[in-house]
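Only this structure's heavy atoms are used, side chains among them; waters, hydrogens and symmetry mates stay out. Count residues from 1 along the sequence. Note that the coordinates shown come from a computational prediction; the quantities given were computed from them, not determined experimentally.
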Amino acid sequence: MITAGSVEAADDRLARGVRAFLQAHEDAWNAADAKAMFDWATADVHWVNVVGMHWRGRAEVEAAHRVYFDIMFKGVPLKLVEVERLTPLAPEVAVCVACWRVGAYRTPGGQLRPEALNRMSFTLVGPPEALRMAHVANIEVVAEAQVHDPLRGRRG
């Protein structure tokens, strides 16, 4: 959901475009469809994944996701929790910070990762009706660390 507090000078058209983009992203993930996920990407998209891997260009980003869907993410649910911030930076450029719930999965090394929250920062380009991701950084929210956030409870 995009809350009133999450939108900084964003218009309704942009908020609707972001909602459509995020829904398409969620639907493609839940279908384990890497092609559909990255139909919404620029050709030169950059993706920094949850463990710091950096993939460059749509072909590379899509290929990496296809491999990981095959070995560990197929059937792992993704659900949008909240859009924490939507900030227009320039005409046809915006940054969106979204929080997702990701189901449990087993890493390629065999470690079981429990269900967790992930925070993703998207740099989106294009008109609101045809947004494309140009850069994504995906960070797991480490629950144990959140209690030590010096600003916890101070944000409106």
Side-chain angles (χ1 to χ4, degrees), residues 1-8 10 14-15 17-42 44-58 60-87 89 93-125 131-156:
M1 104 174 82
I2 298 177
T3 62
S6 71
V7 180
E8 186 176 291
L14 178 58
V18 168
R19 275 192 294 273
F21 163 78
L22 293 171
Q23 186 63 61
H25 185 82
E26 181 178 311
D27 292 347
W29 173 279
N30 288 322
D33 187 344
K35 181 186 179 320
M37 248 174 90
F38 296 104
D39 281 348
W40 291 73
T42 61
D44 60 350
V45 64
H46 281 242
W47 187 285
V48 178
N49 83 350
V50 71
V51 293
M53 295 174 191
H54 182 187
W55 303 314
R56 298 154 180 90
R58 184 172 42 223
E60 191 172 299
V61 172
E62 184 180 325
H65 279 81
R66 192 174 307 111
V67 167
Y68 283 137
F69 278 137
D70 288 346
I71 65 174
M72 68 182 183
F73 287 129
K74 191 171 194 169
V76 173
L78 178 74
K79 180 68 180 157
L80 181 64
V81 174
E82 176 183 17
V83 172
E84 296 176 338
R85 179 63 65 187
L86 173 56
T87 306
L89 298 178
V93 179
V95 170
C96 172
V97 178
C99 186
W100 304 88
R101 181 164 306 284
V102 181
Y105 62 93
R106 192 165 300 278
T107 68
Q111 181 185 21
L112 180 62
R113 300 293 302 154
E115 179 180 276
L117 294 177
N118 277 26
R119 185 165 283 125
M120 294 176 79
S121 179
F122 295 91
T123 301
L124 302 168
V125 297
L131 290 171
R132 297 289 178 256
M133 59 182 132
H135 185 274
V136 180
N138 183 14
I139 298 115
E140 182 176 339
V141 177
V142 178
E144 299 82 29
Q146 300 310 302
V147 298
H148 302 290
D149 181 346
L151 301 180
R152 185 174 179 220
R154 294 187 192 177
R155 293 185 190 97

### Any donor-acceptor N/O pair, Arg85 side chain to Val97 backbone, under 3.5 Å
no

### Summary
His65 meets the ring-ring contact (aromatic ring centres under 6.0 Å, His included) criterion, sequence neighbours left out, with Phe38, Trp47, Trp55

### Message
Going by salt bridge (Lys or Arg N to Asp or Glu O under 4.0 Å), name the pairs with one or both residues in residues 61-79, residues two or more places apart or in two chains.
### Response
Glu26-Lys79, Glu62-Arg66

### Sequence-distant partners of Val147, side-chain contact (heavy atoms from CB on, under 4.5 Å), two or more places apart
Arg152

### Query
Between Leu86 and Ala94, what is the shortest heavy-atom contact and its length?
CD1-CB, 4.2 Å

### Heavy-atom closest contact (Cys96 atom, Val83 atom, distance)
SG-CG1, 3.9 Å

### Task
Apply salt bridge (Lys or Arg N to Asp or Glu O under 4.0 Å) to Asp33 and list each qualifying residue two or more places apart in sequence or on a separate chain.
none

Taking only distance into account, with no hydrogens and no angle test, what donor-acceptor pairs under 3.5 Å do side-chain atoms of residues 110-121 form with protein atoms, sequence neighbours excluded?
from	atom 1	to	atom 2	distance (Å)
Arg113	NH2	Glu140	OE1	2.8
Arg113	NH2	Glu140	OE2	2.8
Glu115	OE2	Arg101	NH1	3.4
Asn118	ND2	Asn138	OD1	3.0
Arg119	NE	Glu84	OE1	2.6
Arg119	NE	Glu84	OE2	3.4
Arg119	NH2	Glu84	OE2	3.0

### Task
Write down the atom of Pro108, the atom of Ile71, and the distance for their closest heavy-atom approach.
CG-CD1, 3.8 Å

#### Entry: Separation of Thr42 OG1 from Leu131 CG (nearest 0.5 Å)
12.0 Å

#### Entry: Pairs involving residues 99-119, ordered by first then second residue, that meet ring pair (Phe, Tyr, Trp, His ring centres under 6.0 Å) (sequence neighbours left out)
His25-Trp100, Phe73-Tyr105

### Task
Output yes when a side-chain donor or acceptor of Asp44 lies under 3.5 Å from a complementary backbone atom of Arg56, and no otherwise.
no

### Query
Atom CH2 in Trp40, atom CG in Leu22: separation rounded to 0.5 Å?
9.0 Å

### Query
If you round to the nearest 0.5 Å, how far is CG of Leu124 from NE2 of His135?
12.0 Å

